Amino acid sequence: MAAKRPPDKPAAVKESDGFVRAIARGFGVVEALGRPPGRHTLSEVARLANVTRATARRILATLVAMRYCASDGRYFQLRPRALGLGLSYLNSLPFWANSHRTVEALRDETSESCALAVLDETEIVYVQRLPSRRILTANLGVGSRLPAHVISLGRVLLAATPAPDRDRLLEQIEFTKLTPRTVVDRGALAEELTRVAEQGYAWVDGELDLAICGMAVPVRRPNGQVVAALSVNTISGNLSEAAAKRRFLRPLQQAARDIQMQMPQ
């Protein structure tokens, strides 16, 4: 299973009317504090955030004053208030607030793990995930990231991306053979994304983890724009694509329509 990607270090961008370096460094420190083991010294924060000790000290003092961070004099760690930063994003999604019951109903109908995700460059980020009683090998939750090109959620989202942006993302993907089934050819992936866009769903079996397969469909705004993907995931080897389509596609499409209907116009 792919490890969670560490936060990117802030880019060396010059201060300008369109870029405030202090804010970029501040978010870099917050991301550094969120990395395991969950508490860090000043020196560790400076190294992880790619800033000087003096800059890290000032940012940490600010975060402590604003109650986003706590310190015992040696170690710094995030406080519960920092959770609000992530919730601000989730609450801004037009579908998130009302999607939980729909995903839960889909999980109950299919008796399989179900998830809702968005695209962030070449990765998907889970915004809902409800496991079934059948335990899969993956231990994932809200905020977890996975490579988009090797799972059904990601292929739906990549397929819905406008062509110029999709081509750019395909160039950025690091193709690694995670399992014997993983597609590692850029051209083959591009052809698969075209097929996904045409048929309206993606089926991926054992490309990230040999034990897991999944089917996903797009979730659209009322105007037709794809804003997320919804999936059903189960143990690999139990179903062919045709069988999965018969069992999961209709419930998935209905759930996606239900989420769409709950969005503001």
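Values below: every heavy atom of this structure, side chains too, minus hydrogens, waters and symmetry copies. Since the model is a prediction, treat every value here as computed from it, not as a measurement.
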Heavy atoms only: give me the nearest [X]-[Y] pair and the separation to one decimal.
{"X": "His40", "Y": "Gly38", "value": "NE2-N, 4.1 Å"}
{"X": "Pro218", "Y": "Ala256", "value": "O-CB, 3.5 Å"}
{"X": "Ala255", "Y": "Leu230", "value": "CB-CD2, 3.5 Å"}
{"X": "Val156", "Y": "Ala202", "value": "CG2-CB, 3.7 Å"}
{"X": "Leu153", "Y": "Ala115", "value": "CD2-O, 4.0 Å"}
{"X": "Pro147", "Y": "Leu208", "value": "CD-CD1, 4.3 Å"}

Carboxylate-amine/guanidinium contact Arg35 Glu44, below 4.0 Å: no
Determine whether the side chains of Asp258 and Gln254 contain a donor N or O and an acceptor N or O closer than 3.5 Å. yes
Can you find a side-chain donor-acceptor pair between Arg53 and Ser43 that sits under 3.5 Å? yes
Determine, using the 4.5 Å side-chain heavy-atom cutoff (strictly less than), whether [X] and [Y] are members of one ILVMFWY cluster.
{"X": "Val125", "Y": "Val217", "answer": "yes"}
{"X": "Leu78", "Y": "Leu42", "answer": "yes"}
{"X": "Leu146", "Y": "Ile173", "answer": "yes"}
{"X": "Val227", "Y": "Trp96", "answer": "yes"}
{"X": "Met215", "Y": "Ile212", "answer": "no"}

Please check if the side chain of [X] supplies one atom and the backbone of [Y] the other of a donor-acceptor pair under 3.5 Å.
{"X": "Arg25", "Y": "Ala49", "value": "no"}
{"X": "Glu123", "Y": "Ala148", "value": "no"}
{"X": "Ser113", "Y": "Ser132", "value": "yes"}
{"X": "Glu207", "Y": "Val183", "value": "yes"}
{"X": "Arg220", "Y": "Val226", "value": "no"}
{"X": "Arg166", "Y": "Ala160", "value": "no"}

Out of curiosity, [X] [atom1] to [Y] [atom2], how far, rounded to the nearest 0.5 Å?
{"X": "Glu112", "Y": "Asn233", "atom1": "CD", "atom2": "CG", "answer": "8.5 Å"}
{"X": "Lys245", "Y": "Leu239", "atom1": "NZ", "atom2": "CG", "answer": "14.5 Å"}
{"X": "Gln77", "Y": "Cys69", "atom1": "CD", "atom2": "SG", "answer": "8.0 Å"}
{"X": "Thr41", "Y": "Arg47", "atom1": "OG1", "atom2": "CZ", "answer": "8.0 Å"}
{"X": "Ser152", "Y": "Phe248", "atom1": "OG", "atom2": "CZ", "answer": "11.0 Å"}
{"X": "Arg168", "Y": "Thr122", "atom1": "CZ", "atom2": "OG1", "answer": "9.5 Å"}

With sequence neighbours left out, which residue pairs that include part of residues 177-194 fulfil the side chain to side chain donor-acceptor pair (under 3.5 Å) condition? Thr179-Thr182, Arg181-Asp205, Arg181-Ser236, Glu192-Arg195
Taking side chain as C-beta onward, heavy atoms only, is [X] less than 4.5 Å from [Y]?
{"X": "Val232", "Y": "Arg247", "value": "no"}
{"X": "Tyr68", "Y": "Leu85", "value": "yes"}
{"X": "Val204", "Y": "Val150", "value": "no"}
{"X": "Trp203", "Y": "Leu249", "value": "no"}
{"X": "Cys114", "Y": "Leu252", "value": "no"}
{"X": "Leu63", "Y": "Phe76", "value": "no"}
{"X": "Arg58", "Y": "Val51", "value": "no"}
{"X": "Arg129", "Y": "Ser144", "value": "no"}

Apply side chain to side chain contact (heavy atoms under 4.5 Å, CB included) to the pair Gln253 and Tyr201, showing each step before the final yes or no. CA-CA 9 Å; Gln253 291 174 332; Tyr201 73 90; 5.9 Å; no
Would Gln128 and Ser99 satisfy side chain to side chain donor-acceptor pair (under 3.5 Å), going step by step from the backbone distance to the final call? CA-CA 8 Å; Gln128 297 276 7; Ser99 63; 3.1 Å; yes
Test Leu60 against Leu33 for side chain to side chain contact (heavy atoms under 4.5 Å, CB included), laying out the working first. CA-CA 10 Å; Leu60 288 167; Leu33 289 168; 3.9 Å; yes
Looking at [X], I want to see if its [atom1] is surrounded by more than 12 non-hydrogen atoms of other residues, nucleotides or ligands under 6.0 Å.
{"X": "Arg101", "atom1": "CZ", "answer": "no"}
{"X": "Glu174", "atom1": "CD", "answer": "no"}
{"X": "Tyr126", "atom1": "OH", "answer": "yes"}

Per the side chain to side chain contact (heavy atoms under 4.5 Å, CB included) rule, which among Leu116, Leu130, Val127 passes with His100? Leu130
Decide salt bridge (charged side-chain N to carboxylate O under 4.0 Å, His left out) for Arg250 and Glu109; before the verdict, give the C-alpha distance in whole Å, the side-chain angles of both, and the deciding distance to 0.1 Å. CA-CA 11 Å; Arg250 185 201 58 78; Glu109 180 178 357; 2.9 Å; yes
Please name all residues satisfying side chain to side chain donor-acceptor pair (under 3.5 Å) with Ser71, sequence neighbours left out, ordered by chain then number. none
Criterion side chain to side chain contact (heavy atoms under 4.5 Å, CB included) on Leu90 and Val142, from CA distance to verdict: CA-CA 10 Å; Leu90 292 175; Val142 174; 4.0 Å; yes
